[in-house]
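These notes concern the structure reproduced below.
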Number of protein chains: 2
Amino acid sequence: MDYVGRLTAHLPLATRLLMVKADGSISIHADDRAYKPLNWMSPPCRLEEAPGVWRVVNKAGEELRITLEEILHDTSHELGVDPGLRKDGVEAHLQELLAATPSALGVGFTLVRREHMTAIGPVDLLCRDATGAHVAVEVKRRGDIDGVEQLTRYLELLGRDPLIAPITGVFAAQEIKPQARVLATDRGIRCVVVDYDALRGIVRDELTLF
Amino acid sequence: MDYVGRLTAHLPLATRLLMVKADGSISIHADDRAYKPLNWMSPPCRLEEAPGVWRVVNKAGEELRITLEEILHDTSHELGVDPGLRKDGVEAHLQELLAATPSALGVGFTLVRREHMTAIGPVDLLCRDATGAHVAVEVKRRGDIDGVEQLTRYLELLGRDPLIAPITGVFAAQEIKPQARVLATDRGIRCVVVDYDALRGIVRDELTLF
DNA sequence: CCATGAATTTCGTCC
DNA sequence: GGACGAAGTTCATGG
């Protein structure tokens, strides 16, 4: 294999695995390392197959030239569209930890319900503050403007519910973007930056006590 | 697929490609993107195969659990040890540029030969200085102690060759580490920091002149 | 389409 | 083994 592009690279003759995907991309693998191929061409690119030689080029003029000495095995499958990866890890776990430690959101806070349902979707956490008033909490890994808007919609809806009102909002995230903080503060929403690892430690300690 | 580790992630049921390598590492691929798998476990890790369920764990306690609904194709091959990728881009090109512009190594320098063969390997560049004396040049992208040692060995050998002696050395690199510079200077080897882009410009200009 | 920042970054090197 | 920086970084988001 020879690659001429952002750098020049060469792979000597050896037994390897070639993977050609539906988007035309190609990767060359040795028998180690899961993450990174020895060499590759990212889509969009074009594969020209000639006998014994594959040539892969992209729009930028980068080129991968693969010389095939011997084919030990060749198989092809239709995989169809992939549903894709769901990384719900941090946000879901964060919500879980905060539900277990509502005091991390404010002094005297208690949990009413997780995933409190409204007409426009579930509020992450519904709490009560030290005075007994309701608090809607939106939990995010990265606190962005979108999250503030979302919480604002919940607050507007819940504020009209006589069983809930009066209600205030807390925007809780591992990291809160400056723009989101400004918008939240302007709307009377309090921002709480959550230390994931510390919180996990607190929850673990509390469990250990019993 | 479910991953619990530095984060938590989930892949719904779909047709995918699983790649298991000799080092025990595993990767899950969809039919697009050459570079990055949907999910993976890097070595060192351990794969426990049970009927319909693969469990991959590493030392840190991260876990990949793969549920197999149906196997459409299953194949295995011995690939053997891989010679590995040679990224000869920068160093080879640097040698080429310096061969075309030996004056960048010293006033009055002329090229005798590239890759001058010796019993212990090829010297990158063999030149003559303004007085006509030989100069051995070692070219590196990053000038390290190893490079100085290498050049020293060549100088020792070539200095004993009556057809070559007397000989001096030049250590040329885009960047020279302080320790390497000290060692080189101590051994009477001159260090030259090469500006790759500037040199390329000079060579291009010279070509344009003719 | 370009700039910026995160990433289960990975990967190499220095200390 | 940990810290630091580069990578054909790749990848998503914001403007």
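Convention: sequence-line order gives letters A, B, ...; per-chain numbering from 1.
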Inset, instruction - Pick out which of Glu63(B), Glu62(B), His10(B) makes a side-chain hydrogen bond (donor to acceptor under 3.5 Å, both in side chains) with Tyr3(B). - result: Glu62(B)
Inset, instruction - Run the numbers on His134(A) and His116(A) for ring-ring contact (aromatic ring centres under 6.0 Å, His included), then give the verdict. - result: CA-CA 12 Å; His134(A) 279 108; His116(A) 175 81; 8.0 Å; no
Inset, instruction - Find the distance Ile176(A):CD1 to dG5(C):P and express it as a whole number of Å. - result: 19 Å
Legend entry - Salt bridge Glu149(B)-Arg187(B), side-chain N to carboxylate O under 4.0 Å: yes
Inset, instruction - Verify salt bridge (Lys or Arg N to Asp or Glu O under 4.0 Å) between Arg16(B) and Asp82(A), making sure each step is shown before the conclusion. - result: CA-CA 8 Å; Arg16(B) 300 202 180 81; Asp82(A) 196 279; 2.5 Å; yes
Legend entry - Atom CD of Gln179(B): over 12 foreign heavy atoms under 6.0 Å: no
Inset, instruction - Report the distance from atom CG of Asn58(A) to atom P of dT10(D), rounded to the nearest whole Å. - result: 11 Å
Inset, instruction - In whole angstrom, give the distance that lies between atom CD of Gln179(A) and atom P of dG14(D). - result: 9 Å
Inset, instruction - Please confirm whether the backbone N or O of Val148(A) pairs with a side-chain atom of Thr152(A), one donor and one acceptor, at under 3.5 Å? - result: yes
Legend entry - Separation of dA6(C) P from Arg141(A) CZ (nearest whole Å): 11 Å
Which protein N or O atoms sit under 3.5 Å from an N or O of nucleotides 10-13 of chain C?
residue : atom : partner   : partner atom : Å
dT13(C) : O3'  : Arg142(B) : NH2          : 3.2

Inset, instruction - Provide, to the nearest angstrom, the distance between the CG atom belonging to Leu38(A) and the C1' atom belonging to dT9(D). - result: 16 Å
Legend entry - Whole-Å distance separating the CD atom of Glu175(A) from the P atom of dG5(C): 11 Å
Legend entry - Interatomic distance, Glu149(A) CD vs dG14(D) P [rounded to whole Å]: 12 Å
Inset, instruction - Looking at every strand, decide which applies to Glu63(A) at a 4.0 Å heavy-atom threshold: base, sugar-phosphate, or nothing. - result: nothing
